[in-house]
Amino acid sequence: MSDAGADLSSLVPADREDVDEVTLVDVIDRVIGRGVVISGDLLLGVAGVDLVHVGLRLVIRTVDEPTQGS
Amino acid sequence: VTVLHAYAVLGEGLVPEGLRGIDDAAVELVPLGRLRVAATEHASTPAPERGSMLAHAAVVSRLYRCVPTVPVRFGQAVVEGPGGAPGVDTEHFEVLLREVGGRVEYAVRATRPPPPVASDRSASDGRAYLESRREAERTRTAYRVDLHRRLIDATDPLVPLAVSTRAVEGRAGPERCFLVDGADDDVFRRRAEEVLGTCVDLLLTGPWPPYTFVTTASEIAR
């Protein structure tokens, strides 16, 4: 698993003095509890290639809570 | 099967180069009508583990500072599947981009711990036990109402500085979220720190990507 972004300070501006108070739960709350939910069928092209009209179905994975140990 | 893990839907603008996401995978820009989806390619759907979720958050955080961004909730994966050639409906995303593009989210969270609620397990009979349960529920409800009122009252002076506000029941407590124009970011933060200066039970967090303001009201209330 990548550690990219694992540092909470990377998620808030460097000039904030209260980074320690920005708890993991605030980040997780937004990442898995908020944000737009994509639904339905969309046409997506592969980057760098002409738009390919291939039916792509979005699979919505339900994420209620972090897995144990996460 | 290749899985594309989606981070955000993007409007026009230059995206930082060399952006990497979950499992250090390169972030690709996948066309979506006139828009783009920032995504990384994986052999299987990324699990909701701490490192993955923080990597997701970090990518969205980098993007929204540079380009109009609609954050996508973690767990939205795109896999190739059967189907014809459905039309591209990007109108919903375009509306959201107009609403949140160039804007940031702040939140004020109530941090006061709930009062201890005694439930009389030693009650002599079932009626007394149920009565103690009812009383405990009344105490919890009164606490929630009081905390919400405190949050609203304390943060009302910030409302004129925001484009929009939302009350959310977060995992760590009730929040009042503010959508703020990027140009007013510093002004809002300074005012918020001034207003909340003496409120030890209220915590200002942000700026965040506008996660809360691209979420439907019914999902927020869930």
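Each chain gets a letter, A, B and so on, in the order the sequences are listed, and its residues count up from 1.
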Check: A:Arg34 side chain, B:Thr212 main-chain N or O, donor-acceptor pair, under 3.5 Å: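 Looks like no, no N/O pair under 3.5 Å.
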
N/O donor-acceptor pair under 3.5 Å between A:Asp29 side chain and B:Gly170 backbone: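 Checked: no pair found.
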
Test log, rule side chain to side chain contact (heavy atoms under 4.5 Å, CB included), inputs B:Phe74 and A:Ile28: CA-CA 9 Å; B:Phe74 186 99; A:Ile28 301 300; over 6 Å; no

Under 4.5 Å from any heavy atom of chain A - which part of B:Glu175: side chain

Non-hydrogen side-chain atoms of [X] and [Y] separated by less than 4.5 Å:
| X | Y | value |
| --- | --- | --- |
| A:Arg30 | B:Cys177 | yes |
| B:Arg73 | A:Val31 | no |
| B:Arg50 | A:Val27 | no |

Residue pair A:Val36, B:His92: steps toward the side chain to side chain contact (heavy atoms under 4.5 Å, CB included) verdict: CA-CA 10 Å; A:Val36 75; B:His92 176 57; 4.0 Å; yes

Stepwise side chain to side chain contact (heavy atoms under 4.5 Å, CB included) test for B:Arg171 and A:Ile32: CA-CA 11 Å; B:Arg171 282 174 170 75; A:Ile32 67 172; 3.8 Å; yes

Within 6.0 Å of CD in B:Glu12, more than 12 heavy atoms from elsewhere: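 Check fails, neighbour count at 12 or below.
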
Residue pair A:Val25 / B:Ala172: nearest heavy atoms and the distance that separates them: CG1-CB, 3.6 Å

